[in-house]
> 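One structure coming up, written as structure tokens, with questions to follow.
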Amino acid sequence: MAVDSTTSSPLGPPACEKDAKALQFIEDMTKNCDPVQENVLSEILSQNAATEYLQQWNLDGATDRKTFKSKVPVISYDDLLPYVNRIANGDRSPILSSHPISEFLTSSGTSAGERKLMPTIAAEMDRRQKLYSLLMPVMNLYVPGLDKGKGLYFLFIKAEAKTPSGLVARPVLTSYYKSQQFKTRPFDPYNVYTSPNETILCVDAFQSMYSQMLCGLLFREEVLRCGAVFASGLVRAIKFLQLNWQQLAMDVESGNLSNKITDSSIRECVSKILKPNPELAQFIREECCDGNWEGIITRIWPNTKYLDVIVTGAMAQYIPILDYYSGNLPKTCTMYASSECYFGLNLTPMVKPSEVCYTIMPNMGYFEFIPHDPENPVTISRDSPPQLLDLADLELGKEYELVISTYSGLCRYRVGDILQVKGFHNSAPQFKFIRRKNVLLSIDADKTDETELQAAIDNASVLLKEFNTTVVEYTSYGDTKTIPGHYVIYWELLMKDPANGPPENMLAQCCLAMEEALNSVYRQSRVADNSIGPLEIRVVKNGTFEELMDYAISRGASINQYKVPRCVTFTPIMELLDSRVVSAHFSPAAPHWTSERRF
């Protein structure tokens with residue numbers, strides 16, 4: 001029930017008193033962005049004043065921004081690594097934080113090609129929980145009635161590793177799902193999941209997915225929203241349904257859980273809700289047996305109002321397949337977070353994916369920004385530190401690289417994310433996530449990043465529409481074994497009618513369409529310098545990228561944080577991809593290029 005209008009927030013009328021408090025907190029933080037940031041930095045520096053890391057910079061107890069910026073250097077993970085290794089190997093002295101390091105949070109295995117260890121402290125869990133508590137009050141402003149049903153979310157943990165000192169190392173979401181804050185969270189009618197905790201907390205990926213999907217089917221008419229952390233996770237869940245619907249239907253019909261599920265806690269909790277239901281079993285068979293997966297989400301979960309998944313950055317390529325599965329349901333990206341720090345949330349979650357912006361909450365950490373201009377990159381060195389900008393100093397339309405300082409002990413750490421200011425909420429900037437600052441492909445002088453590669457994929461995908469075909473997954477690598485070297489793009493395709501899929505000449509045109517969308521340096525290298533050969537698309541068998549994910553998980557990647565690498569160099573992965581190629585296609589002509597520069 002909505003609260004009285006006198007308590008309404010500038011964001012909109014809250015759904016309940018609890019929401020009113022959350023929305024007011026957002027208003028308070030964003031109206032006082034700069035003083036909040038000043039206070040956060042002072043707290044961080046006071047709390048960690050006695051640490052080895054801060055003492056070496058001779059702050060002498062100062063907690064002001066001017067002293068901090070003039071004395072403490074901007075760092076990358078390579079600078080942090082010696083300290084991380086000491087903590088991991090058992091040094092319990094106050095190295096980075098005055099509070100004990102409670103665990104390490106591992107970055108995604110496909111971010112920058114290495115699994116980074118981020119130290120964290122116990123108090124950070126409450127800070128993350130605070131940000132989580134703001135998500136539904138914002139969503140309730142846009143989608144009424146979410147307290148009348150459940151959310152079908154596919155959430156997973158992974159097996160934990162331990163450092164030599166015994167500290168746990170695990171992904172941030174595994175840490176959260178195993179925390180008391182999550183496991184003993186109070187009942188909230190606006191945030192009820194179909195999945196019991198036991199199904200989420202099972203480390204076996206198959207058993208976890210199977211039991212979560214089964215529970216989602218049992219509560220099909222109560223589901224009001226579907227989601228996963230990343231769009232790829234939801235796509236994977238639908239593919240799982242495609243492969244396992246027959247066994248799921250048998251379980252529903254008989255009221256008995258498959259013998260494939262051996263986890264005792266799952267069997268116990270699912271047995272409480274799984275009863276014989278021949279009618280539902282028959283419905284599942286009718287919807288799945290003919291192999292038509294178009295609109296499957298709204299067919300099976302007819303009351304679904306939106307998909308709650310990250311579809312920004314590299315995840316944007318999943319938008320077409322999610323539209324296919326869901327009948328173009330809205331896709332919401334609710335928050336912006338990483339292993340290093342939770343940053344902020346989306347205050348307008350129902351906008352188109354291309355318009356998603358995140359408002360950084362100034363209480364989460366101390367944030368600085370390096371102006372980002374590809375034409376005039378900023379050189380970072382300890383001898384000539386750049387003048388970093390604060391949240392209050394940023395300009396509309398400009399791009400910046402994010403730098404953070406946290407209560408856990410990260411100081412002026414370069415996250416690597418490139419953000420663009422698209423607007424402001426009160427005094428807080430609202431950012432569009434542009435990309436992670438990493439070049440994917442380079443053969444010669446060319447440098448193609450993830451955003452450019454995605455744009456090229458989008459350009460080529462237009463040609464596939466008349467054949468009712470979409471690109472489900474892709475990755476790439478720079479093949480320098482040929483002379484000259486060339487880009488190789490692996491595509492997995494979804495064809496509504498395989499008998500009338502795109503012909504050879506059209507796939508060759510897709511190669512050219514990709515090249516036309518790439519940057520001018522690439523096209524000059526192709527046309528004028530002949531230093532890059534024709535782009536190649538290799539179409540792989542359906543299910544190949546599932547195998548790629550399974551391989552990554554077998555090597556320790558987190559199913560919850562896994563993202564398909566957009567560029568591959570690891571030989572076993574390339575061998576796997578090449579063994580699944582069904583056809584190869586090359587650009588039939590050179591792309592357009594002129595020496596005249598466009599302004």
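Just so you know, residue 1 is the first one in the sequence shown, and it goes up from there.
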> From Cys333 SG over to Asn346 CG, what is the distance, rounded to the nearest 0.5 angstrom?
7.0 Å
> Only counting residues at least two apart or in another chain, list the ones meeting ring-ring contact (aromatic ring centres under 6.0 Å, His included) with Tyr132.
Tyr176, Tyr342
> Can any side-chain N or O of Asn244 pair as donor or acceptor with the backbone N or O of Gln247 at less than 3.5 Å?
no
> Counting N and O atoms only, with roles assigned by atom type, does the side chain of Trp301 sit under 3.5 Å from a partner on the main chain of Gly216, one being a donor and the other an acceptor?
yes
> Parallel under 30°, tilted from 30 to 60°, perpendicular over 60°: which one fits the rings of Tyr210 and Phe240?
perpendicular
> If the threshold is 4.0 Å, N to carboxylate O, is there a salt bridge linking Asp204 and Lys260?
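Answer for the salt bridge query: no.
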> Between Ser195 (side chain only) and Thr199 (backbone N and O only), is there a donor and an acceptor less than 3.5 Å apart?
no
> Are the side chains of Asp458 and Val462 in contact, using a 4.5 Å heavy-atom criterion?
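Contact flag for Val462/Asp458 side chains = no.
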> Strictly by modelled atom types, are Ser408 and Thr406 linked by a side-chain donor-acceptor pair under 3.5 Å?
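No, because no side-chain N or O of Ser408 sits under 3.5 Å from a partner of the opposite role on Thr406.
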> Do you see a donor-acceptor pair shorter than 3.5 Å between the side chains of Thr120 and Glu103?
no
> Keeping the roles fixed (side chain from Glu536, backbone from Ile489), state whether a donor-acceptor pair exists under 3.5 Å.
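Judged by distance alone, no pair lies under 3.5 Å.
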> Would you find a donor on one side and an acceptor on the other, under 3.5 Å apart, between the side chain of Ser326 and the backbone of Ile297?
no
> Taking the side chain as every heavy atom from C-beta outward, state whether Ile300 and Leu241 have any pair of such atoms under 4.5 Å apart.
yes
> Under a plain distance cut-off of 3.5 Å, with no hydrogens placed, do Glu516 and His592 share a side-chain donor-acceptor pair?
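Short answer, no.
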> Quick one: are Val309 and Phe230 in side-chain contact, heavy atoms under 4.5 Å?
no
> So, does Thr544 use its side chain to make a donor-acceptor pair with the main chain of Asn542 at under 3.5 Å?
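Side chain of Thr544 to backbone of Asn542, a donor-acceptor pair under 3.5 Å: no, none is there.
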> Is Asn468 reaching over with its side chain to a backbone N or O of Lys496, donor-acceptor style, under 3.5 angstrom?
no
> For the pair Asp578 and Arg538, find out whether any cationic side-chain nitrogen is under 4.0 Å from an anionic carboxylate oxygen.
yes
> Given Tyr413 and Ile404, is the side chain to side chain contact (heavy atoms under 4.5 Å, CB included) satisfied, shown in steps?
CA-CA 5 Å; Tyr413 176 79; Ile404 63 171; 4.3 Å; yes
> Is any NZ, NE, NH1 or NH2 atom of the basic residue among Glu160 and Arg170 found under 4.0 Å from an Asp or Glu carboxylate oxygen of the other?
yes
> Do any N or O atoms from the side chain of Ser208 and from the backbone of Ala205 form a donor-acceptor pair under 3.5 angstrom?
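No, Ser208 side chain to Ala205 backbone: no donor-acceptor pair under 3.5 Å.
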> Less than 4.5 Å apart, any side-chain heavy atom of Val581 and any of Val539?
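When only atoms from C-beta onward are counted, Val539 and Val581 do not touch, as no gap falls below 4.5 Å.
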> Could you tell me the separation between the CZ atom of Phe156 and the OG1 atom of Thr174, rounded to the nearest 0.5 Å?
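The OG1 atom of Thr174 is 11.0 Å from CZ of Phe156, to the nearest 0.5 Å.
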> Does this structure show an ion pair linking Arg526 with Glu515, if we count only N-O contacts that are shorter than 4.0 Å?
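Salt bridge: yes.
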> Evaluate the ring planes of Tyr193 and Tyr153, with Trp represented by its six-membered ring, and classify them as parallel (under 30°), tilted (30 to 60°) or perpendicular (over 60°).
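Tyr193 vs Tyr153 ring planes: tilted.
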> Quick one: does Ile370's side chain get under 4.5 Å of Tyr400's, heavy atoms only?
no
> With a 4.5 Å heavy-atom cut-off, do Met335 and Leu131 have their side chains touching?
yes
> Check the surroundings of atom NZ in Lys239: do more than 12 heavy atoms from other residues, nucleotides or ligands lie under 6.0 Å from it?
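Result for NZ/Lys239: enclosed.
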> Any salt bridge between Arg580 and Glu575, counting N to O under 4.0 Å?
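Not counted as a salt bridge, because no side-chain N and carboxylate O are separated by less than 4.0 Å.
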> Would you mind checking if Asp373 and Lys398 are paired as a salt bridge, meaning a charged N to carboxylate O distance below 4.0 Å?
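No, Lys398 and Asp373 are not salt-bridged.
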> Would you say that Leu388 contacts Arg412 through its side chain, given a criterion of any heavy-atom pair below 4.5 Å between the two side chains?
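Yes; the side chains approach each other to less than 4.5 Å.
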> Would you please classify the geometry between the Tyr490 ring and the Tyr477 ring as parallel, tilted or perpendicular, with 30° and 60° separating the classes?
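Parallel, since the angle between the ring planes stays under 30°.
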> Hey, could you give me the CG/CG distance between Asn459 and Leu512, rounded to the nearest 0.5 Å?
9.5 Å
> Just by distance, do the side chain of Thr475 and the backbone of Pro565 share a donor-acceptor pair under 3.5 Å?
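At least one qualifying donor-acceptor pair exists.
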> For a quick check under 3.5 Å, do Glu504 and His585 share a side-chain donor-acceptor pair by atom type?
yes
> Verify the distance criterion only: is there a donor paired with an acceptor across the side chains of Thr448 and Tyr487 at less than 3.5 Å?
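Present: a donor and an acceptor within the cut-off.
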> Between Tyr358 and Phe431, does the ring centroid distance fall short of 6.0 Å?
no
> When you measure from the side chain of Thr304 to the backbone of Tyr306, do you find a donor-acceptor pair of N or O atoms at a distance under 3.5 Å?
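No, the answer is negative, given that no donor and acceptor are paired below the 3.5 Å cut-off.
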